[in-house]
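Numbers restart at 1 for each chain; the letters A, B, ... are given by sequence-line order, proteins then strands.
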2 protein chains.
Amino acid sequence: MSLVRVQNFSVSLDGFATGEGQTLQAPFGHAGERLHDWMFATRWGRAMLGRTGGSGGVDDAFARQFADGIGAEIMGAGKFGPPGWQDDPEWKGPWGSNPPFHTPVFVLTHRPRPSVEREGGTTFHFLDASPAEALATAREAAGGRDVRLGGGPTMLRDFLAAGLVDHLHVVVVPLVLGRGVRLWDGLEALERDYDVESTSSPGGVTHVTFTRRAV
Amino acid sequence: MSLVRVQNFSVSLDGFATGEGQTLQAPFGHAGERLHDWMFATRWGRAMLGRTGGSGGVDDAFARQFADGIGAEIMGAGKFGPPGWQDDPEWKGPWGSNPPFHTPVFVLTHRPRPSVEREGGTTFHFLDASPAEALATAREAAGGRDVRLGGGPTMLRDFLAAGLVDHLHVVVVPLVLGRGVRLWDGLEALERDYDVESTSSPGGVTHVTFTRRAV
């Protein structure tokens, strides 16, 4: 059975997944890269940057599940570009010519545009659709493999509230960001449907996994 | 040097330290006892209830620091009783005749009253004072030992914002409470002045300690 998964989704101790003031240069606003430093310290994260070395422990074990068994991603409009990208018909995302997805990616937007094919197997499609509709489309494209929800927090909250998520991997980073967009709002009692496990790492973060209970 | 410490302060994954709808019967509102179940599963917590047994691992190691080296506590008005206790001149707190503090306890309230002596060494004093003023008074009473800040979240935020806390032990419980009173609001970049360490326990919670850096 194809699962709906969230991997490597980092939040601050106070629950913010992005800071305030998002721009092209600062896609996470005033949070900068601090929510994701843990990932780029792993073997997997360093390899993503074309580097060697990095830690091979629990942070790495979680991080490298990002692509494993994934056949498609769904992302929110805010992840595809800075505010206003919809007004630029040439905008193809902030990842350069070879984005790190290597599958079909479905971008949720109220202003769909023609699909964009990039190197390495990534094709961006644009959907004006509900979470359930987008998921049906992504599932078909995934060809039996899992669908990853790529965030940001707003789209993720919508999918969680709709009960569509099978596996949620959140990484709590010990920062108090104070402002930005929160992950947990409106999700009271989310834990009821999941087995929850917390694992702190020597790198200083805590991996919290929500795995849907067998019914 | 006498330190200002917070011990066993539990918050939900979304940062709430109390739920909504606090009453005498439900001092943590809709959160019930769920934020503190981890503590009452330890040897120390069970002994508090007059029972034997309980876990003797990392949760217990943290929990039993509650009283160790403490000479006084400061608590907010909301911890001393349900809303409206100030109107009841006979109110002596919700802990019965032998409260679990066994030191002077300073209750912050805009309506001070005469001190109340209880069994076991606990005396409640009532102060209408700023955090710094209350701390000076509690420190004197503590006679060289540490001062514990007992919460709730509102008073704790005030002391943290004023830079008065040396050691903060927060226990993150994997619940999404959704509503109540948050701990972290208004404390952006709190981590800058502290060494932060996170330790998940087999009991399912994560102990996060903020220890003030040597200057």
Fill in: Part of A/F210 lying under 4.5 Å from any heavy atom of chain B
side chain
Fill in: Pairs of heavy atoms under 4.5 Å with chain B: top-ranked of A/L13, A/V11, A/V196, A/V208
A/L13
Worksheet entry | Interface moiety of B/L190 toward chain A, non-hydrogen atoms closer than 4.5 Å | both
Worksheet item: Side chain, backbone, both or neither: which part of B/L183 has a non-hydrogen atom closer than 4.5 Å to chain A?
Response: neither
Do chain A and chain B have donor-acceptor pairs under 3.5 Å, and which are they?
unit_1: A/V176; atom_1: N; unit_2: B/E191; atom_2: OE1; d: 2.8
unit_1: A/V176; atom_1: O; unit_2: B/A189; atom_2: N; d: 2.8
unit_1: A/R179; atom_1: NE; unit_2: B/E188; atom_2: OE1; d: 2.6
unit_1: A/R179; atom_1: NE; unit_2: B/E188; atom_2: OE2; d: 3.4
unit_1: A/R179; atom_1: NH2; unit_2: B/E188; atom_2: OE2; d: 2.9
unit_1: A/R182; atom_1: NH2; unit_2: B/D185; atom_2: OD1; d: 3.4
unit_1: A/D185; atom_1: OD1; unit_2: B/R182; atom_2: NH2; d: 3.4
unit_1: A/E188; atom_1: OE1; unit_2: B/R179; atom_2: NE; d: 2.6
unit_1: A/E188; atom_1: OE2; unit_2: B/R179; atom_2: NE; d: 3.4
unit_1: A/E188; atom_1: OE2; unit_2: B/R179; atom_2: NH2; d: 2.9
unit_1: A/A189; atom_1: N; unit_2: B/V176; atom_2: O; d: 2.7
unit_1: A/E191; atom_1: OE1; unit_2: B/V176; atom_2: N; d: 2.9
unit_1: A/S200; atom_1: N; unit_2: B/S200; atom_2: OG; d: 2.9
unit_1: A/S200; atom_1: OG; unit_2: B/S200; atom_2: N; d: 2.9
unit_1: A/S200; atom_1: OG; unit_2: B/S200; atom_2: OG; d: 2.8

Practice prompt. Calculate, to the nearest 0.5 Å, the distance between atoms CG and CG belonging to A/L187 and B/L177 respectively.
Written response: 12.5 Å
